[in-house]
Amino acid sequence: MKKQPEVTEKTRQKFENAFWELAAEKPVSKIAVSEIAKRAGYNRSTFYEYFTDTDELLTYVEAKLLDEARMIVRQIQLENEPLPDLFRFFFTAMNEKIYILMGANGDPGFLTKVRSELIPFIAEYLPIPTDIPDFDYLVSFVNSAMFGLLQHWHERGKDISTEEICALMQKLVLPGLQAYMSPA
């Protein structure tokens, strides 16, 4: 007998929620199937009907977050938002789940996935021509600087306002790019 799609989605969501609860408490690499199943209110065999292991669940939740980020990017692109709204994008997309995955207890490979998704988007907003020899390095610099600042801000308990961290990113990142582009 086939499961109804609503039941399947509800059960999958419970496993996902259980994963996030556990990921907020301990390293994702230490989360066991039995813990997820128990927290979700199911047994291990039910978990295995949906996911082969915790790695597959991790891949699933990461893909959902990246899909959400892509939707936000598309919306910003459709609205032809200016460069300052690039920073707004990061705050919209950087929910607690992304911070968990990017943090010390998260998935070391997740930041690479995020960067590969966002570099083309960031490149469109930078005040630099795409045909210069160091273009990829400049985009990587901007990306690393922004994510580094956001992660540090999160680790400090978001001790300054969103507006302040956004302004700090603009003050630190844009002048560096402008200086690079100015003739020596």
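Because the structure is a prediction, the values reported are computed rather than measured.
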**Message:** What's the separation between atom CG in D107 and atom CG in D55, rounded to the nearest 0.5 Å?
**Reply:** 8.5 Å
**Complete:** The reported gap from CG in L65 to CZ in F110 (rounded to nearest 0.5 angstrom) is 5.0 Å
**Side chain proximity check, L58 to F51, heavy atoms < 4.5 angstrom** = no
**Message:** Please find the pair of heavy atoms, one from A40 and one from A18, that lie closest to each other, and give the distance.
**Reply:** N-CB, 3.8 Å
**Asked** How many angstroms lie between atom NZ of K14 and atom OH of Y50, to the nearest 0.5 angstrom?
**Response** 10.0 Å
**Item:** Contacts of type side chain to side chain contact (heavy atoms under 4.5 Å, CB included), residue S140, not counting sequence neighbours
**Value:** S144
**Asked** How far does OG1 of T112 sit from CE of M102, to the nearest 0.5 angstrom?
**Response** 10.5 Å
**Asked** So which pairs with a foot in residues 161-177 pass salt bridge (Lys or Arg N to Asp or Glu O under 4.0 Å), sequence neighbours left out?
**Response** none
**Message:** Whether the N17 and Q13 side chains hold a donor-acceptor pair (N or O, under 3.5 Å, no angle test) is what I'd like checked.
**Reply:** yes
**Taking every non-hydrogen atom, the tightest pair across L149 and I165** = O-CD1, 4.3 Å
**Asked** Taking everything shown except Y137 itself, do over 12 heavy atoms lie less than 6.0 Å from its OH?
**Response** no
**Request:** Check whether any side-chain heavy atom of E16 sits under 4.5 Å from a side-chain heavy atom of K64, and report yes or no.
**Result:** yes
**Prompt:** Side chains of I98 and L150: does their closest heavy-atom pair fall under 4.5 Å?
**Reply:** no
**Those residues that, when tested against I100, pass side chain to side chain contact (heavy atoms under 4.5 Å, CB included) (two or more places apart)** = W20, A23, A24
**Prompt:** To the nearest 0.5 Å, how far apart are CG in L57 and CZ in F47?
**Reply:** 5.0 Å
**For Y42, ring-ring contact (aromatic ring centres under 6.0 Å, His included) partners two or more places apart** = F15
**Asked** Does NZ in K113 sit with more than 12 non-hydrogen atoms of other residues, nucleotides or ligands closer than 6.0 Å?
**Response** yes
Result block: side-chain N/O donor-acceptor pairs under 3.5 angstrom for residues 25-32, not counting sequence neighbours:
unit_1: E25; atom_1: OE1; unit_2: R39; atom_2: NH2; d: 3.1
unit_1: E25; atom_1: OE2; unit_2: R39; atom_2: NH1; d: 3.0
unit_1: E25; atom_1: OE2; unit_2: R39; atom_2: NH2; d: 3.4
unit_1: K26; atom_1: NZ; unit_2: K30; atom_2: O; d: 3.3
unit_1: K26; atom_1: NZ; unit_2: E35; atom_2: OE1; d: 3.1
unit_1: K26; atom_1: NZ; unit_2: E35; atom_2: OE2; d: 2.6

**Prompt:** Partners of F135 by ring-ring contact (aromatic ring centres under 6.0 Å, His included), sequence neighbours excluded?
**Reply:** none
